[in-house]
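In listed order, ligands and their atoms are each counted from 1. For this chain, numbers begin at 1 and follow the sequence in order.
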Amino acid sequence: MKPLITTAACFLLALTVAGQAPIHIIPEPYRVEHRSGQPFVFENNTVIVLSDSAALPAARRLAELPGAGFPIKWRQKGGEVGKAIFIELGPEKDYLGDEGYTFQVRPQAISIQAFRPAGLFYAVETARQLFPDKKGGLAGAAIPSFDIEDHPRFAWRGLHLDVSRHFMPVEFIKKYIDYLAFHKLNTFHWHLIDGIGWRMEVKSHPELTDWGAWRVVKEGRMPWQDFEVWKPGEERPRYGGFYTQEEIKEVVAYARDRYITVVPEIELPGHSEVVFQCYPGLLCQDSLGKPLPNIGVYCADNPDSYRLLEDVLDEVLELFPSGYIHIGGDEVSKSNWARCARCQRLMAERQYAGLDDIQSHFVNHFDNYLRARGRRLIGWHEILEGELSPEASIMYWGGADGAAAHLRRGHPTVLTPGSHLYFDHYQNLSPHEPKAWGGYSPLKEVYEYEPAPADLEETYRANILGVQANVWTEYMPDAQKVEYMVFPRIAALSEVAWAKGEKNWPRFREKLGGLLPRYDAMGIHYARSAFRPQATFELDRSTKQLIARLETELEAEILYTLDGSEPPSPSASPYTGPIRLGQSATIKAVAFKDGQPLTEPETFEAMLHKARGAKVELHCTPYGRYQASGGYTLVDANFGGDKWGNGQWLGILNENFEAVLELDTLTAIRQVGFSCIEETGAGIYFPAGVEVAVSEDGRNFRTLKTWQNRRPLPIERTPDIHTQTITLEFEPTACRYLRVKAAYQPVEGQGVFIFVDEVVVE
Ligand code: TNX
């Protein structure tokens, strides 16, 4: 290994060479050293020079960069060359590893070197970002003199795509692979199978795609919620698609040319409803031979289950040369196994203690099967339940805070934490964001994710194979929406996966600003969510004024108004610092670049109500992660917004809400607003009733008003999110103490949350 220079030092170097534009590469190279002196200026007779045919693919890719169509020539001993780009492999470059490279720019020549062709490939991806995007030709363009040495932090740098919930055409899959390559990612996890659709042609079982690739579309339902296969002859329209084996070969070859491994996922033993719609005879059966409900799980003691999956895997192994085969294994519904005569016999025979052992019985069968064929099994971390084969590898999708415990289990692990790397989560809190699964993972949080848990012992660190972001497509029906959810977070992911130095958010922000025009040129529908202004409010407890701050994740000028008009209206002002508010106001704000608004204007209500900053006594216990700032959350004049998981809502589980607010002085009030949020699918409900009572001494309370939820029961469980301020009005009343109670709406067989935020007193 060559001596190390930290990224911070490189950054300083970058700044110290006067007059040179900083080098902006994402992901950040390991070492960048600027040199004084003249830049390299492209000329019309610039050539690409090779000495080894193994470098030819990289040379060709380089010549395909916009404007860089230079002739490719073989190096000749003693021969004179003019301006040249040398591309070479060298055995002395072994310190760079299989994927590293060096990139040197001098006034007369650019020199790219690597130990292996993959390194040259990544050097060309660096050139793609470095060379000006000049379609008319690069002649005349200048590149400053510098040295780059670069190699990745992790061996597994992955991006996943779920094509089961929504099928994505081959042309898009190839684009997606190009996107990975651009960001120096090297693993494409192709989630080909899930309960809703089978997407891979299997020659030995054509029903899997003849039927299993197509759904009947039902009015008012998302296609992925509709678990009915379409069969030929059916008149209703069909929805779906699949990849033929020829197409799969094409994709795998396309990826291989870009040093990307395609890891296929064949789900087992759960998430497989579609399989049993094709083969109902494979379902678990009760002791009378009656099939159990289709909950998407294979019978663990039916030889036909294993035969089908082995047939499928045989074809998978022919098509996919990857070292790892992903077998899913997440969220297995096991209840059929407890009622299935065969599974029960298996349990008794093997003396299994529980259903988890049946799961590992099933998974371990395929671990053996794959190992006997020279491959390795990887599955979602739930396969750790029971007695997992020590050879198996894990893909961990829990929160980052649980990663250390999983790494200590000793299996090689790819970290795909749901807390940071789920690109189906929202990237901004704005109500203008298109529907996403839930959660909240803004760009900065993705960028700042550190895969190696600080408290993890050194011996377990080697278990980190790498990192990956997952793209579940329930709410991404087409390529455009996938691009929206993936970009620009993929750029942050690439830094996490590749860059070794310390994080530097301001620098990343600046670099990304330069990358977006390239995304534009590539026609990518990236999200501008990181340009949406977000407001935070802080109550100045002494003056009771509200301090509003506006911020965008990526650098942009913000214009705002306080008079309800939409910026850029004549009354709009540029935001230069915190705004102090002595009374309620509506703030409308939007980010601008080059005179153009970047998104829709955002609206924020600054509500300086009478209970702001009051003393609060909570008579209930907020649950787990939903503590926000305790009782103060109710009176901080900061509204929770429409994402209940954002740390600004108090969540109360299976308990009535009760709080007492103590106002500074005896105050006349006429109205109380109780802000709450609901997502019934997540167990969060509006209250069944609210009661407001007042007191002058804090002991004897007098009820002023009650409110009752008159919605008919039972309430449907849906993923829709609603917010509401339940307003109780009454005759003006002087009060010092205000008690607010809210009863929860019990629902049989499940926990019920009330989520509450501001108590608005007028
Ligand atoms: C959980 S994470 C799943 C997927 C869903 C996803 C939605 C994992 C292995 N399974 O089936 O699509 O949540 O975020």
Side-chain angles (χ1 to χ4, degrees), residues 158-168 187 189-199 215 222-227 263-275 295-297 324-334 359 363 377-385 388 392-403 406 411 413-427 433-442 445-446 467-477 481-482 484-486 489 493 643-645 679 681-683 717-721:
L159 189 64
H160 152 285
L161 184 65
D162 166 12
V163 293
S164 180
R165 271 50 176 267
H166 290 285
F167 176 72
M168 303 285 159
T187 308
H189 175 170
W190 205 359
H191 187 80
L192 286 163
I193 316 296
D194 210 297
I196 198 67
W198 188 284
R199 306 290 174 216
R215 326 288 322 163
M222 303 285 285
W224 55 268
Q225 289 173 319
D226 175 354
F227 280 77
V263 175
E265 179 175 346
I266 306 298
E267 273 270 15
L268 60 91
H271 272 268
S272 301
E273 285 81 349
V274 62
V275 174
I295 56 168
V297 71
Y324 283 97
I325 302 294
H326 202 298
I327 57 82
D330 56 315
E331 305 173 320
V332 179
S333 311
K334 303 174 183 128
Q359 174 171 305
V363 170
L377 173 145
I378 187 164
W380 300 111
H381 69 257
E382 290 99 316
I383 64 174
L384 287 167
E385 296 161 1
L388 180 65
S393 298
I394 298 300
M395 199 165 259
Y396 173 73
W397 66 274
D401 49 0
H406 279 80
H411 298 267
T413 301
V414 178
L415 297 168
T416 72
S419 53
H420 294 73
L421 299 183
Y422 263 42
F423 288 176
D424 59 339
H425 290 180
Y426 284 98
Q427 39 199 329
E433 280 296 306
K435 175 74 185 156
W437 176 262
Y440 177 47
S441 299
E445 202 168 298
V446 175
V467 293
Q468 177 176 299
N470 295 336
V471 183
W472 303 102
T473 56
E474 282 95 337
Y475 293 101
M476 301 179 213
K481 183 78 183 283
V482 171
Y484 185 94
M485 298 306 283
V486 167
R489 287 187 286 193
L493 168 70
K643 311 282 180 293
W644 48 262
E679 183 181 342
R717 297 198 68 169
T718 75
D720 304 330
I721 296 177

- Message: Which residue and atom name correspond to the protein heavy atom nearest atom 12 (O) of ligand 1, and how close is it?
- Response: Glu474 OE2, 2.6 Å
- Item | Stepwise side-chain contact (heavy atoms from CB on, under 4.5 Å) check, Glu385 with Val332 | CA-CA 11 Å; Glu385 296 161 1; Val332 179; 6.0 Å; no
- Message: Against Tyr422, only a single residue in Trp397, Tyr440, Trp437 fulfils side-chain contact (heavy atoms from CB on, under 4.5 Å); can you say which?
- Response: Trp397
- Within 4.0 Å of some non-hydrogen atom of Trp397, the atoms of ligand 1 are 2 (S), 8 (C), 9 (C)
- Task: Apply the test side-chain contact (heavy atoms from CB on, under 4.5 Å) to residues Tyr324 and Val414: give CA-CA distance (whole Å), side-chain angles for both, the deciding distance (0.1 Å), then the verdict.
- Result: CA-CA 12 Å; Tyr324 283 97; Val414 178; over 6 Å; no
- Note on the structure: atom 9 (C) of ligand 1 sits nearest the protein heavy atom Asp330 OD2, 3.1 Å
- State the atoms of ligand 1, each with its element, that fall below the 4.0 Å cut-off from a heavy-atom position in Asp424. 7 (C), 14 (O)
- Task: Please examine the side chains of Gln468 and His160, heavy atoms only from C-beta on, and report whether any two atoms are closer than 4.5 Å.
- Result: yes
- Task: Give a yes/no verdict on whether any heavy atom in His271 is under 4.0 Å from an atom of ligand 1.
- Result: yes
- Near-ring test Trp380/His191, centroid separation under 6.0 angstrom: no
- Query: Which atoms of ligand 1 are found less than 4.0 Å from any heavy atom of Arg165?
  - Reply: 4 (C), 5 (C), 11 (O), 12 (O)
- Query: Can an N or O of Tyr422 be found at a distance shorter than 3.5 Å from an N or O of ligand 1?
  - Reply: no
- Item | Glu331: numbered ligand 1 atoms lying under 4.0 Å from its heavy atoms | 1 (C), 3 (C), 10 (N), 11 (O)
- Message: Given 3.5 Å as the limit, does a donor-acceptor pair link the side chain of Gln427 with the main chain of Tyr484, or not?
- Response: yes
